[in-house]
Amino acid sequence: MTVKLHWSPRSPFVRKVMIVLHETNQQDDIELVNSLVATTLPPNQAVMDDNPLGKIPAFVPAEGPALFDSRVICEYLDRKTGGRLFPDSLPARMQQLRWQAMADGLADLLLVWRTELNRDGGPWDVLTTGYDAKVHAVMHRLESEADQLQDAPFGIGQIALVCALGQLDFRWPDSGWTQRFPKLSALNERWQTRASVQAAPPPVDEESSPAPHPLNFRLD
């Protein structure tokens, strides 16, 4: 049976899986299936055949049912090769899972915010104001935890954060976050040197466009 991953170059959650594949040296064992999904398009039947939620990433292993949600897929791939990215000890594991949840939540916020900004008839201000406040709060929290992120072994929390920050750079390239959050920015630059991160770069193509709304992290 073919091992396959429903994949898209623009999804930060697919990128998480790709980085884990490279971290665990399994990247050559799967077939990548370019699968277009979007809230503004009809469901992709090929994806729904493997994931009834119609979302990517969706992963079809050699044995057992298809797996979906990047958190589930990443843990499966890591467990296959010893569990380095998801620690066994409770404190270290909860630290990594907490960072993953915060980073995945940030990526989710950025995605739904952009969708709302492009909604026919214009965005609903109460939603976009809330997204703005939450994104700022997450970034401040991550900056305050930069020392812990640096000291902890590179794991699923740092991987998820690389992907969320890549989405921020992709959609809000002029946000100024690197100046406002220097510790986090320095960490991100260091993470960019890892072979796994370089092998799964963030989306940059001629069709990309910044979000039609300023996200201002600039210093006063």
Side-chain angles (χ1 to χ4, degrees), residues 10-20 23 53 55-57 67-79 83-116 127-173 175-192 194 196-197 200-203 211 213 215-217:
R10 294 191 176 194
S11 167
F13 303 108
V14 169
R15 189 184 180 206
K16 264 179 67 185
V17 174
M18 293 303 300
I19 292 175
V20 169
E23 283 283 335
L53 297 171
K55 294 182 176 182
I56 58 172
L67 304 175
F68 27 91
D69 191 300
S70 65
R71 289 165 287 196
V72 175
I73 298 169
C74 288
E75 184 157 7
Y76 169 83
L77 294 170
D78 188 49
R79 287 288 175 183
R84 178 174 58 85
L85 303 174
F86 290 78
D88 285 327
S89 70
L90 187 61
R93 182 177 180 81
M94 289 302 102
Q95 184 182 57
Q96 287 291 337
L97 293 182
R98 178 177 171 277
W99 283 330
Q100 178 181 218
M102 193 157 23
D104 283 356
L106 174 60
D108 267 330
L109 283 168
L110 294 170
L111 291 169
V112 297
W113 191 358
R114 179 174 171 78
T115 298
E116 179 65 18
L127 287 178
T128 57
T129 299
Y131 296 151
D132 190 297
K134 292 171 185 177
V135 168
H136 277 75
V138 170
M139 294 295 288
H140 281 282
R141 181 64 60 88
L142 290 168
E143 178 75 2
S144 73
E145 298 183 13
D147 290 342
Q148 295 98 302
L149 282 160
Q150 175 177 282
D151 292 342
F154 190 78
I156 194 60
Q158 289 91 339
I159 291 171
L161 186 50
V162 164
C163 298
L165 294 176
Q167 188 67 200
L168 177 56
D169 285 333
F170 178 47
R171 293 304 189 187
W172 278 272
S175 69
W177 78 266
T178 57
Q179 292 78 38
R180 184 66 183 85
F181 306 105
K183 288 185 176 182
L184 191 59
S185 176
L187 274 180
N188 190 50
E189 287 185 11
R190 182 180 305 172
W191 295 332
Q192 299 306 311
R194 293 185 73 90
S196 62
V197 175
H213 175 82
L215 175 53
N216 184 13
F217 288 123

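Residue indices begin at 1 and follow the sequence shown.
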Taking side-chain hydrogen bond (donor to acceptor under 3.5 Å, both in side chains) as the definition, give me every residue that meets it alongside D78, ordered by chain and number, with sequence neighbours left out. none
Which value, rounded to the nearest 0.5 Å, describes the distance between N188 atom CG and K183 atom NZ? 16.0 Å
Residue R194 excluded, over 12 heavy atoms near CZ under 6.0 Å: yes
From CZ (R114) to OH (Y131), nearest 0.5 Å: 14.5 Å
Can you find a pair of side-chain heavy atoms, one from L187 and one from W191, that are under 4.5 Å apart? yes
What I'd like to find out is whether the side chain of R180 reaches to under 4.5 Å of the side chain of M139, using heavy atoms alone. no
How long is the gap from CZ on R93 to CD on Q100, to the nearest 0.5 Å? 9.5 Å
Ignoring hydrogens, what is the shortest heavy-atom contact between K16 and S70? Give both atom names and the distance. NZ-OG, 3.0 Å
State, to 0.1 Å, how close W99 and A152 come at their nearest heavy-atom pair, and which atoms those are. CZ3-CB, 3.8 Å
One pair to check against side-chain contact (heavy atoms from CB on, under 4.5 Å): W172 and Q167. What are the steps and the verdict? CA-CA 8 Å; W172 278 272; Q167 188 67 200; over 6 Å; no
Are any non-hydrogen side-chain atoms of W113 and D132 less than 4.5 angstrom apart? yes
Determine whether the side chains of E23 and S196 contain a donor N or O and an acceptor N or O closer than 3.5 Å. yes
Whether the side chain of Q192 engages the backbone of V197 through a donor-acceptor N/O pair (distance < 3.5 Å, no angle test) should be reported. no
Shortest non-hydrogen pair, P12 vs C163, comes out as O-CB, 3.4 Å
Evaluation steps, side-chain contact (heavy atoms from CB on, under 4.5 Å), between C74 and V17: CA-CA 6 Å; C74 288; V17 174; 4.0 Å; yes
Before you tell me yes or no, could you show the steps for W177 and L184 under side-chain contact (heavy atoms from CB on, under 4.5 Å), namely the whole-Å CA-CA distance, both residues' side-chain angles and the distance that decides it to 0.1 Å? CA-CA 9 Å; W177 78 266; L184 191 59; 4.1 Å; yes
Could you tell me whether the side chain of S11 and the main chain of F13 form a donor-acceptor pair under 3.5 Å? yes
Minimal non-hydrogen separation, M102 against E145, with atom names: CE-OE1, 4.2 Å
When you look at CZ of R141, are more than 12 heavy atoms from neighbouring residues, nucleotides or ligands closer to it than 6.0 Å? no
Would you say Q96's side chain and P153's backbone share a donor-acceptor pair under 3.5 angstrom? yes
Report yes if some heavy atom in the side chain of V112 is under 4.5 Å from a heavy atom in the side chain of D108; otherwise report no. no
I need the minimum non-hydrogen distance between R84 and F154, along with the two atoms involved. NH1-O, 4.1 Å
Looking only at heavy atoms, which two atoms of L142 and L149 are closest? And how far apart? O-CD1, 4.1 Å
Return yes if some donor-acceptor pair links the side-chain N/O of Q158 with the main-chain N/O of G155 below 3.5 Å, else return no. yes
